[in-house]
2 protein chains.
Amino acid sequence: MKFEAVTIKDIAKALGISTSTVSRALRDSYEISPETKQLVLDCAETLNYRPNPIALSLKERRSRSIGVVVCEIANSFFSQVINGIESIAYDKGYNVIISQSHESYEREMMDLHYLSSRSVDGLLISLSTETNDISHLQALHQKGLPIVMFDRISDEIQTHCVVADNFKGAYEATEHLIQRGYKKIAAIANSEFLSITTERLAGYKEALHTYGHKYNNAYVKHCFYGGMVFSEIEEAVNKLFTLKQRPDAIITTSDKLTTGCLKTLVRRGIRVPEDIALVGFSNSDLAELLNPPLTVLRQPAMEMGRDATELLLQLIESKRPITQFEKRVLSPELILGHSSVPQPDLQLIK
Amino acid sequence: MKFEAVTIKDIAKALGISTSTVSRALRDSYEISPETKQLVLDCAETLNYRPNPIALSLKERRSRSIGVVVCEIANSFFSQVINGIESIAYDKGYNVIISQSHESYEREMMDLHYLSSRSVDGLLISLSTETNDISHLQALHQKGLPIVMFDRISDEIQTHCVVADNFKGAYEATEHLIQRGYKKIAAIANSEFLSITTERLAGYKEALHTYGHKYNNAYVKHCFYGGMVFSEIEEAVNKLFTLKQRPDAIITTSDKLTTGCLKTLVRRGIRVPEDIALVGFSNSDLAELLNPPLTVLRQPAMEMGRDATELLLQLIESKRPITQFEKRVLSPELILGHSSVPQPDLQLIK
DNA sequence: TTGTACGCGTTATCAC
DNA sequence: GTGATAACGCGTACAA
């Protein structure tokens, strides 16, 4: 019942020649006569021969597969990144093995162990929110495993990185609100230990500074699990709303936070943008579903996946060790929802 | 620079014993003395030995990896399914190789070719919208590749299937609208060649029939690419709105259609549910973002992924060929958005 | 209880 | 131009 795959041996037997000749003919070696070549090729075609990638891997000591570790697949941003990764990997004949950390450090470690035991040729990783010790990654890196980090990175490992221009993105989002006349702009951000959080908040602060707004610590809320736990966001929003100086606008610095914040506001019957303005990082299409559409900051997710994969494959396939590492920075895009933020004169005072 | 992996050979050499002894000790064979076992285990630990899965695969003629073909990863439903697949596969030590058809028949063929050349041990597939000829799948199936289909299936292949109760789901959604007093209920569905479309429309029709509504062909629109091409949905909505007897409610039978429909309505300034009611299949969290929240039909995506994977692994690991195939049907859930559909007395007449 | 020899599918290195 | 052989890392039937 179980089907037997056709091997070069079968071809050799069928043609009464040796396996090495078959192998060479298939690889179009110059030392094989045209007639034999044709014979072998035809026979391979007839028998529907397919080379066994596993045998090849064993011989070449490479699996032609790369590992990917992200916190969550079911997240617009990451699924788009994976799209990008797949498109490049597929083109170059590489396998993509995806695993999720679910924002857990322990799970991330298990994933890495799993992937390295699967002998992937390289690794693409965006750190989990719980991860502050990356010695496990460093160990792999030192053993010679090519690694490229994206989005949530750490500078404790000397390797290629691909990130969004988080500073600029957050700056522009904040600036956008300021220019629309908002004075009390709050921010709901991820864990302060993530690289993206630091950068995004820096952009937020810088914009406030540039426009002469003063920074208010009470206006900045962190959600450690970045919205995986919904109550986190709910609590952040609620806290902002109990402040004496209630904010008139919110910036949310990630996909899940934007969704979660909006959800909380809707549940509480708070209207956007009439009661409070909202601009958030988001790669889902939620913005277009609202009336009026929300202004969002879209990350170059697909591009990030593509770039990271290109760099990784370059790393994998380069013979000599690389000394100069690249940090590629991609620009996010502020997508204006028409009139999602009222003009200053229409602004409700609360 | 490139690191050399530790093999049983290294252990054998270090301990001055043969590789077979090492191999047996590591596999905890009964024919090895406890002392030797301990010795080998310790040594393996010290050298940080990791078995080479590729060598194992070659030997056992199995890759311990399964292939997944879906139309799109960046789709709430499918990313949730993949979540389910991964959770089971991971537990059982299987690899998951995902590839996307992007609703293209040609691409699906390429994916299958790629995966089978990667010698996956089994296959999970949800057909692309373009696929009406599945002889390529049948070929693989006849060659002995275990296959489990989910969501978008075909009965031309005798194998396990996991689907949602599409009939019941659509029936309930329609019934819900009818009970709220809607009389002119339209449907926007996927390609009529997909199994899910047939089943869902059947549920829709049956509900109409049960409640004595007459079925109107003009109220049913098909989007061949199921919303991948936005203009398709836009056109469907527009056509519904130019009918003399304009519908007072719409049912959308997939994630992307629901999102796309809502997007179109918002763009045109049509309010939901004041101007028209909407109930759709959706696994994204968009429903909760609207005010009032939308009533949606949620599919048991994660469960579908888990079930399909369990069935597949069962198929893979069973020694004798299976003759009795299972079709597992999971129930979708109608999630009521509070007052997203006005009561009959509140209903606006167009 | 342990070691030897072979095979999984392929390619590289010899030899002819 | 082609064939035999070894090797990649592992498990196991057989021999000792």
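Letters A, B, ... are given to chains in the order of the sequence lines, protein chains preceding strands, and every chain is numbered from 1. Remember, it's a predicted structure, so these values are computed and weren't measured experimentally.
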Subject >> Positive for side chain to side chain contact (heavy atoms under 4.5 Å, CB included) with I8(B), one of V40(B), L26(B), N52(B) >> reply: L26(B)
**OP:** Please say which of V148(B), I147(B), D307(B) ends up in a side chain to side chain contact (heavy atoms under 4.5 Å, CB included) with L312(B).
**Re:** V148(B)
**OP:** For Y94(A) and D121(A), work out which heavy atoms get closest and say how close.
**Re:** CE2-OD2, 3.9 Å
**OP:** Over all heavy atoms of both residues, which pair between I73(A) and S79(A) is shortest? Give the atoms and the distance, please.
**Re:** O-CB, 3.5 Å
Just how far, in rounded Å, is [atom2] of [N] from [atom1] of [X]?
| X | N | atom1 | atom2 | answer |
| --- | --- | --- | --- | --- |
| I54(A) | dA7(D) | CD1 | P | 23 Å |
| I17(A) | dA4(D) | CD1 | P | 11 Å |
| L56(B) | dC8(D) | CG | P | 17 Å |
| D10(B) | dC8(D) | CG | P | 10 Å |
| L58(A) | dC8(D) | CG | P | 9 Å |
| R62(B) | dC8(C) | CZ | C1' | 14 Å |
| I8(A) | dT5(D) | CD1 | P | 16 Å |
| K59(B) | dT12(D) | NZ | P | 7 Å |

Original post:
Does the distance from a Lys or Arg side-chain N to an Asp or Glu carboxylate O, for R328(B) and E303(B), drop under 4.0 Å?
Top reply: no
Original post:
Which of residues 27-36 of chain A sit near DNA chain C, with a heavy atom under 4.0 Å from it?
Top reply: R27(A)
So if I take every side-chain heavy atom of [X] and compare against [options], which nucleotide ends up nearest?
| X | options | answer |
| --- | --- | --- |
| R61(B) | dG9(D), dG9(C), dG7(C) | dG9(C) |
| K9(B) | dG9(C), dG3(D), dC8(D) | dC8(D) |
| P51(B) | dC10(D), dT10(C), dT2(D) | dC10(D) |

**OP:** Decide yes or no, distance alone: a donor-acceptor N/O pair under 3.5 angstrom between the base of dA4(D) and the side-chain of S20(A).
**Re:** yes
**OP:** Please evaluate the base of dG3(C) for a donor-acceptor partner in the side chain of R24(B) within a cut-off of under 3.5 Å?
**Re:** yes
Original post:
Checking all strands, does S23(B) fall into the base, sugar-phosphate, or nothing category for heavy-atom contacts under 4.0 angstrom?
Top reply: base
**OP:** Establish, with yes or no, whether the OP1 or OP2 oxygen of dG9(D) is under 4.0 angstrom from a side-chain nitrogen or oxygen of T7(B).
**Re:** no
Original post:
So, is S18(B) near the phosphate of dG3(C), with a side-chain N or O under 4.0 Å from OP1 or OP2?
Top reply: yes
Original post:
Is it the case that Y105(A) and N132(A) place a side-chain donor and acceptor less than 3.5 Å from each other?
Top reply: no
**OP:** Please determine, by modelled atom types, if R306(B) and S87(B) share a side-chain donor-acceptor pair under 3.5 angstrom.
**Re:** yes
Subject >> Earlier contact from the 5' end, DNA chain D, for V22(A) and A55(B) >> reply: V22(A)
